[in-house]
Amino acid sequence: MSETASKALGVPDANRWKALVFIALAQLMVVLDATIVNIALPSAQTDLGISDANRQWVVTAYALAFGGLLLFGGRIADLWGRKRAFVLGLAGFAAASALGGAATTGSMMFGARALQGVFGALLAPAALSLLAVMFTDARERAKAFGIYGAIAGGGGAVGLILGGVLTEYLDWRWTFFVNVPFAIIAAAGAYFVIREPEGSRNRSPLDIPGVILSTLGLVSLVYGFTRAESDGWGDPTTIGLFVASVVLLLAFVVTETRVKAPLLPLRVVTDRNRGGVYLSLGLAIIAMFGTFLFLTYYLQVVKGYSPIQTGFAFLPMVACMITGSTQIGARLMTRVAPRLLMGPGFLLAAVGMLLLAQLEIGSAYASVVLPAMMLLGLGMGTAFMPAMALATQGVQPRDAGVASAMVNTSQQVGGAIGTALLNTIAASATTSYIKDHIATAATGQQRQLVQLQAMVHGYSSAIWFAVGILVAAAAIALTLVNAGRPGGGAVASGAGADDELAVPVVAH
C-alpha cells in the first residue's frame, strides 16, 4: 500500500460526523419515498386519470429501475468516486421528484418514477459505501451505522405520517416536491464536507456483460414477484419471468467467474459473514414489508384510522427501532459478536409478529398492536445495525460500492418477495374464509362483518408465515455469521493477503 493511501485510510476524516448528517439525510429521503408515495397514490390516480390496471406502475416503475440497477450503481460509485456518485444521485433524484410532482399524465408519472429509481440506484450504494470507507474505528463505526440503520429501518414508517399530512392538508404533489429541499441540502453539504479517502476507487474497466445480465436478471425477478401479486403464481408471464431471472442470474454468476474485472467480485458474496448478512437481512425484509402493509390496511380499513392516525400509530415502532439500533446495537457491537445481536434481534421481532398473528376485528391497539410493534421495532433495530455494519466490514475499499449495493439489493428483492408472497397467502386465506362462512350471513351487515373477519384472518395467516421467516433469518445469522466483535479479535471477513487495501476494522 502506498504511503498516501495508508495515511488516507489510517487517519479518520475530521469532517466525518458532519458528513454523516448529509448521508443520513439522503438515506432518509430515499426510504421516505418508498412509503410516502403509497399514501398519495389514490389522489394522484384520480387527478391523472390512471386506470386501476395501470396504477401499480407508479410503484413498479420505481422498483424495477431501482432493484435492477443497484449493482451497476454500486460499481459506478466505485469507478467514479462515491462522493461524485452521491451528489449526482441526489441531483437526479431531486429532478425526477420535481418531474413527478409536476406530472400531468400517467405516462409522465411512470417515467418520473422510473427516473427516481435510476438515480436512487446510484445514490443508495454510494451513501452506504461512503460510511464504510470514512468510519474505520470500531466504536465510531458502530455509532455511525447505528444512526444509518435506524433511519433505514424506521424512515418508511415516518413516510406514512408525512405522506398523510401532505396529502390531507396540502396536495399529493407535495409528496414528490418535498424531496427537492432534502436533496439540495444533502448535495450541498456533501459537496463541501465529504472527503473521500484516497486510493479507494476501482478503476478497472466496466464489466458490460455483467451489467446487462445482472440488470435483466434482477428486473425479471422483481417484476416476476410483482406480476405474481396481481396475476397469480400460475400466470404464464409470471412463470416465464421467474425462469428468465434464474437463467440470466446463473449466466451472470458464470460470467463473473471468467471476466478480468467483474461487476460483482464473487469474493464479496462468497465470504461467509457477508453472505449470511445478505441472506438473513433479505429474509427479515420479506417478513417486515408484508407485515407493514397488512398493519396499514388493518388500521385503516378494519379499525377506521385516517392516514395520519395510521402514521402516528407506527411511531412507537419507529422509536423502538431507533432505540434498538443506537442504544442496544451500537453500544454492544464492540463488546459482543454480531451474531449475538442479529440472532436475538430477529427472534425478538418474531415474538412481536407472533402477537400480531393473534389479531382479531376487536383487538385493541394498546393491548395487541402497540406491544407487538414495539417488540418488532426493538428487534429489527438491534439486528439491522450490526448487519449493515458487517456487510461492508473488512471489504476492500475498491469493492465497497458493490458490497453496499448488495445490501440494498437484498432489501429491494426481499421487499418485492415479501409484498407478493405474503399478499398471496393473505388473499388465499381470505377467499377461503369467505367461502366457508358467507352462507351463514343473512343480512348485508352480517356479510360485511364476514368480509372484515375474512380480511383479518388472511392477515393473521400471512403473519404466521412471517414469524417462520424471521426464525429462519435468526437461524442463518446464528450459524453462518461467525465474525468476532470488531475490537476483540479477528473478523472472518475474507480479507486475505491479497486484500491490500482492506478497510481497518480493529479498534484504535
Side-chain angles (χ1 to χ4, degrees), residues 24 27-28 31-32 34-35 128 142 145-160 276-296 313-333 336 338-357 369-391 407-408 410-415 417-419 422 462-463 465-478 481:
Q27 173 66 10
L28 179 62
V31 175
L32 283 177
T35 50
L128 186 56
F145 275 90
I147 295 166
Y148 186 89
I151 290 170
V158 177
L160 293 170
V277 166
Y278 298 146
L279 192 54
S280 61
L281 201 57
L283 285 172
I285 293 291
I286 288 174
M288 196 169 78
F289 263 57
T291 306
F292 278 4
L293 192 66
F294 298 146
L295 269 178
T296 302
F314 274 96
L315 266 185
M317 187 190 70
V318 177
C320 286
M321 197 169 279
I322 292 170
T323 301
S325 187
T326 60
Q327 300 305 309
I328 301 175
R331 287 179 182 274
L332 294 181
M333 199 183 100
V336 301
R339 69 177 180 275
L340 298 180
L341 291 171
M342 292 173 62
F346 289 139
L347 287 175
L348 186 62
V351 173
M353 289 282 192
L354 202 58
L355 275 178
L356 286 178
V369 180
L370 178 61
M373 287 203 299
M374 290 176 73
L375 287 172
L376 187 61
L378 202 61
M380 287 296 195
T382 301
F384 271 23
M385 189 265 135
M388 289 200 168
L390 190 59
V407 177
N408 290 285
S410 66
Q411 290 177 308
Q412 184 65 23
V413 172
I417 294 172
T419 305
L422 296 183
I463 290 170
F465 276 86
V467 172
I469 291 169
L470 277 173
V471 171
I476 289 169
L478 288 168
V481 177

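The basis for the numbers below is simple: all heavy atoms, side chains too, and nothing from hydrogens, waters or symmetry mates.
In this structure, F465 has no ring pair (Phe, Tyr, Trp, His ring centres under 6.0 Å) partners at least two apart in sequence or on a different chain.
Atom CD1 in I476 sits 4.0 Å away from atom CG in L279 (nearest 0.5 Å). Considering CG of L315 and CE of M321, their distance stands at 12.0 Å, rounded to 0.5 Å. I469 contributes atom CD1, which lies 5.5 Å from atom CG of L422 (distance to the nearest 0.5 angstrom). Here I328 contributes atom CD1 and L341 contributes atom CG; the two are 9.0 Å apart, rounded to the nearest 0.5 Å. Between M373 atom CE and C320 atom SG the span is 9.5 Å, to the nearest 0.5 Å. Rounding to the nearest 0.5 Å places CE of M353 at 5.0 Å from CG of L376.
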Start with the C-alpha gap between L348 and T382, add the side-chain angles, then the distance that decides, and say whether side chain to side chain contact (heavy atoms under 4.5 Å, CB included) holds.
-> CA-CA 9 Å; L348 186 62; T382 301; 5.6 Å; no

Tell me, with the steps shown, if L283 and I286 meet side chain to side chain contact (heavy atoms under 4.5 Å, CB included).
-> CA-CA 5 Å; L283 285 172; I286 288 174; 4.2 Å; yes

Can you list the steps and then say if V369 with L295 is a side chain to side chain contact (heavy atoms under 4.5 Å, CB included)?
-> CA-CA 9 Å; V369 180; L295 269 178; 4.1 Å; yes

Can L370 and M374 be said to form a side chain to side chain contact (heavy atoms under 4.5 Å, CB included), step by step?
-> CA-CA 6 Å; L370 178 61; M374 290 176 73; 4.0 Å; yes

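The shortest distance between side-chain heavy atoms of F346 and S280 falls below 4.5 Å. V277 is listed as a side-chain neighbour of M342, based on a closest heavy-atom distance under 4.5 Å. With contacts defined as side-chain heavy-atom distances shorter than 4.5 Å, the pair L347/L470 does not qualify. The shortest side-chain heavy-atom distance between F294 and L356 does not fall under the 4.5 Å cut-off.
T326 places a side-chain N or O within donor-acceptor distance of the main-chain N or O of I322, the cut-off being under 3.5 Å.
Between A284 and A473, the shortest heavy-atom contact is N-CB, 4.3 Å. Closest of all the heavy-atom pairs between A350 and V471 is CB-CG2, 4.2 Å.
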